[in-house]
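So the structure is just underneath, and the comments pick up after that.
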Amino acid sequence: MELLMAVLIGTLTCCAVFLVLRGRTFAVMLGLTMLSYAVNLFIFSSGGLKIGAGAVLKASEDYADPLPQALVLTAIVIGFAMTAFLVVLAIRARADLGNDHVDGKLPVPKQNRGGQS
């Protein structure tokens, strides 16, 4: 179970970094969202992965740590608010600039770069 979570967290992180380094705002937003999912899974798994353990103390002899669960719940709410803010910011930037590139400039095609062929 731990190996599966480690591979999943690593894959999410790699995909998120790839998307954050793209030049379009939508890809950057997806990358930040995926990165927040990876961090949430990391925090959740840091409390220990237990199958069939109670979430409440004294409900069973083996219980799950409630602190990582509370931290992940708070991070989900903050991540949702941040994603909503990024969507509004991207829509406004698209309306003002006319494109969705991060720096606001359209890339120059290869054939028009100073006469190079």
Euclidean distance, Leu73 CG relative to Phe44 CZ, rounded to 0.5 Å: 11.0 Å
Hphob cluster co-occupancy, Ile78 + Phe42, side-chain heavy atoms under 4.5 angstrom: no
Euclidean distance, Ile9 CD1 relative to Ile43 CD1, rounded to 0.5 Å: 10.0 Å
Rounded distance [0.5 Å steps], CG in Asn40 versus OG in Ser45: 10.5 Å
Nearest heavy-atom neighbours spanning Ala16 and Gly31: CB-O, 3.2 Å
Presence of salt bridge, Asp100 and Arg24, under 4.0 angstrom: yes
Distance in Å, Thr83 OG1 paired with Leu32 CG, rounded so as to fall on 0.5 Å steps: 8.0 Å
Atom pair CZ (Arg92) and CG (Leu97), whose distance is rounded to the nearest 0.5 Å: 10.0 Å
Val20 with Leu30, same ILVMFWY side-chain cluster at under 4.5 Å: yes
Nearest atoms (heavy-atom pairs only) where Thr33 meets Ser36: O-OG, 2.7 Å
Linked, directly or transitively: Ile91 and Phe26 (ILVMFWY side chains, under 4.5 Å): yes
Closest heavy-atom pair and its distance - Leu41, Met5: CD2-CE, 3.8 Å
Close side-chain approach of Met34 and Leu19, heavy atoms under 4.5 Å: yes
Hphob cluster co-occupancy, Ile76 + Val39, side-chain heavy atoms under 4.5 angstrom: yes
Single-linkage hydrophobic cluster Tyr37~Val87, side-chain heavy atoms < 4.5 angstrom: yes
From Cys15 atom SG to Leu35 atom CG, the distance as rounded to the nearest 0.5 Å: 11.5 Å
